[in-house]
> 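Sharing a structure below in structure tokens format, with a few things to ask.
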Amino acid sequence: MSPYILPALPYAYAALEPFIDTETMTIHHSKHHQGYVDNLNKALIDTGAEHLDLLTLLQRSSTFSATLRNNAGGHYNHSLFWAILSPDAQHLPTGDLAIAIKETFGSVDQLKEDIQKAGLAQFGSGWAWLYLKKDGSLAVGATANQDNPLMDNAPIQGFPILAVDVWEHAYYLKYQNKRADYLQAFWSVLNWSAVEALYAEAKQVKLGE
Ligand code: MN
């Protein structure tokens, strides 16, 4: 049984040019993300956890093997990443999220700077995040490998609403060693309306309540 499948991208591989190039998108989705899905399905065999949904797998990650944790994270993180990118991106947050960002970070520009710093400071492979903490406040952080704030054994805890992949496979073909340039380009294809929807969902989940 293979419970998980690769989600189709909601846009073409070339749609995010020139900010994220076609070849990177193709390999990243059809090879890397597919690999996480395949390895997650393999890692689930005979665990007794085959029936659990992905969110539950992540929330109980400390009880599973490193292989299952890495691939469940890989599947969740990439699904989130594709969903917040768009060739027709809404370039600024609005509504409740805009208010929360201003209250927490002072401005959208300051938030962007904080996320870029978190992404640059992540040594080796990992992700930078904007997430809702259990107390309902917003925070920026980073995790290694395919960890994310939903995992019970991650160094930061909460519900992710914005994810930036800082693995070299996410940018190396176009940006080589220039992670900062990729992090800057990311904002041109980040769709804030998708982040707003995740913020509303995160508040509904009411983590910790
Ligand atoms: Mn990736």
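Read the numbers this way: they start at 1 and go in the same order the structure lists the ligands and their atoms. Being a predicted model, the structure only gives us computed values, none of them experimental. Residues: numbered from 1 along the sequence shown.
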> Within the side chain of Y4, is there an N or O that forms a donor-acceptor pair under 3.5 Å with the backbone of L54?
yes
> Do S107 and D109 get their side chains close enough for a donor-acceptor pair, meaning under 3.5 Å?
no
> Looking at K174 and D181, does any basic side-chain N land under 4.0 Å from a carboxylate oxygen?
no
> In D165, which N, O or S atom comes closest to the Mn ion (ligand 1)?
OD2
> Please check: side-chain N/O of E196 versus main-chain N/O of T94, any donor-acceptor pairing under 3.5 Å?
yes
> When you draw lines from the Mn ion (ligand 1) to NE2 of H78 and to NE2 of H169, what angle lies between them, to the nearest 10°?
140°
> Counting backbone and side-chain atoms alike, does H28 have an N/O/S atom under 2.8 Å from the Mn ion (ligand 1)?
yes
